[in-house]
Each structure stands twice: as structure tokens, then as C-alpha cells.
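Heavy atoms only: backbone and side chains are in, while hydrogens, waters and symmetry mates are out.
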Amino acid sequence: MKPFPYSRLVFLLLMITFSGYLGFLLYVSLKTQFSNDGESLSGFGKFLASYVLLVAGVWTIGWLNYRGPFRWWLLASEKRWWYWTWIVALTWLVFELLQLRQDRELEFVDENSLVTLVLMGIIIGFGYIADAFRARREQLVLQQQKTEAELTALKSQINPHFLFNTLNTIYNEAAGANNDTVADLVQQLAGIMRFTLQESAKPYISIESELAFLDKYLTLQRARLPHSDSIRLDIHIEYDGQPAQIAPLLLIPFVENAFQYGISMKHPCFIRMKLYVENQTLDFYLQNSTIAKEAHRKGHGVGIANVQQRLKLLYAHRHTLKIKEENNVFEIHLQMDLY
């Protein structure tokens with residue numbers, strides 16, 4: 001059992017003490033009110049009620065501002081000015097309400113202006129603080145997932161030196177027997193394993209490395225499939241050569257899903273993939289047939305769900321992902337700005 005944090009204990013004691021103090025004052029205020037034979041609330045009672053309503057109102061507006069305009073507009077660079085337009089409109093509204101409360105007396109303009117600025121500062125600050133806590137939570141989740149993935153990889157690893165040495169032995173035997181096909185496939189498999197064990201541990205890798213890994217995977221998939229008119233593969237990849245970084249193993253779950261659930265040896269099937277990397281922008285389009293029996297196998301979609309979570313954490317407001325399935329066709333369209 002984890003020890004109870006000392007800071008949390010201090011916080012709870014302070015909150016209990018302060019709440020008890022306010023409760024006592026409220027009790028005294030109400031007692032005074034009833035002792036006056038049902039007269040209006042005392043001055044302190046009015047102040048306390050106004051204070052509670054003010055805090056509740058500012059908190060509610062701050063929360064709604066964060067959940068709505070802050071996240072819709074401020075966090076999206078192309079819509080940022082909409083947020084500040086909303087803030088100006090809200091400031092004007094708050095000021096007018098304060099003026100209305102004072103019957104629009106000119107002598108209260110300076111006071112109401114100051115109060116308006118303070119309230120809006122609290123509302124705007126609430127959004128930034130809440131978003132900082134959100135980013136921190138997501139960072140902790142990402143770090144936890146990365147740690148769990150590393151532990152899982154360590155548990156499932158056979159000694160990589162043994163594996164590579166074994167693959168090299170098979171490669172040498174195949175090359176010595178002039179079996180270029182087997183030698184090439186072994187070499188592709190060794191490249192995939194090396195990438196999975198070494199490159200995937202890095203937070204970001206070059207887009208060239210990710211595309212090379214994807215090409216090796218596609219080579220092995222093509223080799224295992226029989227040459228048949230009922231199985232159609234249409235793969236198109238273009239890269240403009242500009243340097244760019246991407247999180248490793250980000251695209252492969254989509255491709256794995258297509259081959260696992262879209263390819264059948266008994267029914268006509270297809271996979272269409274178009275991948276363009278230009279001006280540090282990635283445009284990935286993938287279509288595959290869905291086989292009813294295959295699509296309902298256990299584990300369908302788990303890899304894609306994990307990628308969606310990674311995209312949300314690593315490429316927030318830098319990507320769009322559209323997934324749909326209709327008429328026995330599963331379709332994915334991913335667009336993202338690379339680093």
C-alpha cells in the first residue's frame with residue numbers, strides 16, 4: 001500500500017478547517033436572520049451568499065470556457081483568433097452586466113473595469129492551468145504506456161544476438177545454395193527484427209527508416225501470398241526526400257490490420273494503399289476488403305486503438321484520422337504534420 005502523501009494530508013486539513021470556519025459563520029448569520037423574525041438576510045449573510053455565487057459563477061464560466069472555446073479554438077492554431085474574439089465579447093458582456101448592476105452610473109466605470117479584468121484574468125488563467133494539468137496527465141499516461149511496452153518487449157525477447165546469428169546462418173546457407181529468394185526473405189526478416197528491437201525504442205526516427213521498415217514488411221507479405229487473381233494488392237509510396245521525423249511503428253498497425261483481416265485465401269479480396277510524404281506532411285490512405293468471418297476474430301482493432309491513443313498524445317492538433325467501414329470495405333485516411 002502506498003503511503004498517504006503528506007502534502008495531501010495538509011491540504012485536506014486546511015480545507016476541513018476553512019470549510020468549518022465558513023460553516024460556523026454561515027450558521028451564525030442564519031441564526032441572526034431567524035432571530036430577526038424573518039427579516040431579510042443580514043449584511044454578512046448577503047456578502048456570503050454573493051461570494052458563494054460569484055465563486056460558483058466564475059468557476060462554471062472558466063470550466064465552460066476551457067471545455068469549449070479554449071479547446072476548440074485556442075489549441076488549433078488556425079482558429080486561435082476566434083478564441084480571442086470570444087474573450088473580447090465575453091469581457092464586454094461581463095462589463096455590461098456589472099454596469100447594469102450599478103444602474104450604469106459613470107462613477108462606477110473604473111471600478112467595474114478593474115473587476116472585469118480580474119474576473120477575465122481568472123477565467124483565462126483557469127483554461128491555461130487546466131490544460132497544463134491535462135497535458136501533464138497525458139504525458140504520464142504516455143510514459144506509463146512506453147514503460148509497459150518496453151517491459152513487455154523485454155519479457156518476450158529471445159536473445160537478439162542468438163536470433164541474428166541464426167538468421168545469418170540461414171542466409172549464408174541459402175546464398176551458398178544459390179537460393180536468392182530465401183536469402184532475400186531472411187535478410188528482410190532480419191531487418192524487421194533489428195528495427196523492432198533497436199529503432200522502436202527511440203521516441204522519434206527518420207521517415208526514411210519508417211518507410212524502409214514498412215517496405216520490408218510488405219515484401220514479406222507479398223512473398224507469403226499466392227499469385228492469384230482473387231488477391232489484389234495495389235501499393236503506392238512516394239517520398240520527396242525532405243528530412244522529417246516520425247514516431248516509430250506508427251503506420252504498421254494499420255497495414256497489419258489490413259493483411260490480417262482483409263486477406264482471404266477463399267474469397268476475392270484486395271488491399272489498396274497510397275502513402276505520400278511531401279513537405280514534411282504525411283498523407284496515408286488505406287483500403288481493404290473485410291471478410292465477415294475474419295473481421296470478428298478476437299483482437300480485431302486493438303492495434304488501431306493503440307495507434308489512435310499514440311496519435312492523440314504525440315500529435316495532438318497535428319493530425320486528422322478518419323476511419324470508416326461500409327459495404328465490406330474498411331478505410332483509413334491519416335494526414336499528419338511530421339516533426
Relative to Phe70, does Arg67 satisfy both conditions: NZ or CZ under 6.0 angstrom from the six-membered ring centre, and within 45 degrees of the ring's axis? no
Could you check if a side-chain atom of Val94 sits within less than 4.5 angstrom of a side-chain atom of Leu97, using non-hydrogen atoms only? no
Quick one: does any side-chain atom of Tyr239 pair with a main-chain N or O of Gln242 as donor and acceptor, under 3.5 Å? yes
Check: Leu249 and Phe213 side chains under 4.5 Å, non-hydrogen atoms: yes
Donor-acceptor check, side chain of Arg318 to backbone of Leu338, threshold 3.5 angstrom: yes or no? yes
Exam field: side chain Glu210 to backbone Leu250, donor-acceptor pair closer than 3.5 Å: yes
Between Asn288 and Phe270, is there a donor-acceptor pair closer than 3.5 Å when you use the side chain of the first and the backbone of the second? no
Given side chains that start at C-beta, do those of Tyr66 and Arg134 come closer than 4.5 Å, heavy atoms only? yes
Is Leu321 close to Gln308 at the side-chain level, that is, under 4.5 Å between some pair of heavy atoms? yes
Per side chain to side chain contact (heavy atoms under 4.5 Å, CB included), Phe330 is matched among Glu325, Gln287, Lys324 by Glu325
From CA spacing to verdict: side chain to side chain contact (heavy atoms under 4.5 Å, CB included), Gln245, Ile207: CA-CA 5 Å; Gln245 299 284 312; Ile207 188 65; over 6 Å; no
Step through the shown structure and confirm whether more than 12 heavy atoms of other residues, nucleotides or ligands are within 6.0 Å of CH2 on Trp84. yes
Parallel, tilted or perpendicular: which fits the ring planes of Trp82 and Trp73, with parallel below 30° and perpendicular above 60°? tilted
Show, in sequence, the C-alpha distance, side-chain angles and deciding distance for Leu275 and Ile235, and conclude whether the side chain to side chain contact (heavy atoms under 4.5 Å, CB included) test is met. CA-CA 8 Å; Leu275 175 57; Ile235 311 294; over 6 Å; no
Before we go on, tell me: are the rings of Phe126 and Trp59 under 6.0 Å apart, centre to centre? yes
Could you work out, with side chain to side chain contact (heavy atoms under 4.5 Å, CB included) as the rule, every residue matching Leu314, not counting sequence neighbours? Leu142, Tyr204, Ala247, Arg310
So do Glu238 and Val277 actually touch side chain to side chain, heavy atoms under 4.5 Å? no
Please report the closest heavy-atom contact between Ile246 and Ser206, naming both atoms and the distance. CG2-O, 4.3 Å
Is there a side-chain contact between His236 and Tyr276 (heavy atoms, below 4.5 Å)? yes
Please check this pair: side chain of Gln335 against backbone of Leu282, looking for a donor-acceptor N/O pair closer than 3.5 Å. no
Gap separating the NZ atom of Lys312 from the NE2 atom of His317, nearest 0.5 angstrom: 10.0 Å
Is there side-chain contact between Ile332 and Ile304, with heavy atoms separated by less than 4.5 Å? yes
When you measure from the side chain of Ser230 to the backbone N and O of His267, does any donor-acceptor pair fall under 3.5 Å? no
Please examine the side chains of Leu334 and Leu311, heavy atoms only from C-beta on, and report whether any two atoms are closer than 4.5 Å. yes
Which heavy atom of Cys269 sits nearest a heavy atom of Gly262, and at what distance? CB-O, 3.2 Å
May I have the step-by-step check of side chain to side chain contact (heavy atoms under 4.5 Å, CB included) for Met120 and Leu90, ending in yes or no? CA-CA 8 Å; Met120 292 308 302; Leu90 183 61; 3.7 Å; yes
Do you know the tightest heavy-atom contact between Pro253 and Val307? CG-CG2, 3.3 Å
Give a yes or no on whether the backbone of Asn328 and the side-chain of Thr290 come within a donor-acceptor separation of less than 3.5 Å. yes
Mind checking whether Phe259 and Tyr217 have parallel, tilted or perpendicular rings, split at 30° and 60°? perpendicular
Using atom types as modelled and distance alone, determine if a side-chain donor or acceptor of Thr116 lies under 3.5 Å from a backbone N or O of Thr91. no
Determine whether Phe95 and Leu119 satisfy the following criterion, side chain to side chain contact (heavy atoms under 4.5 Å, CB included), listing intermediate values before the conclusion. CA-CA 10 Å; Phe95 176 76; Leu119 293 178; over 6 Å; no
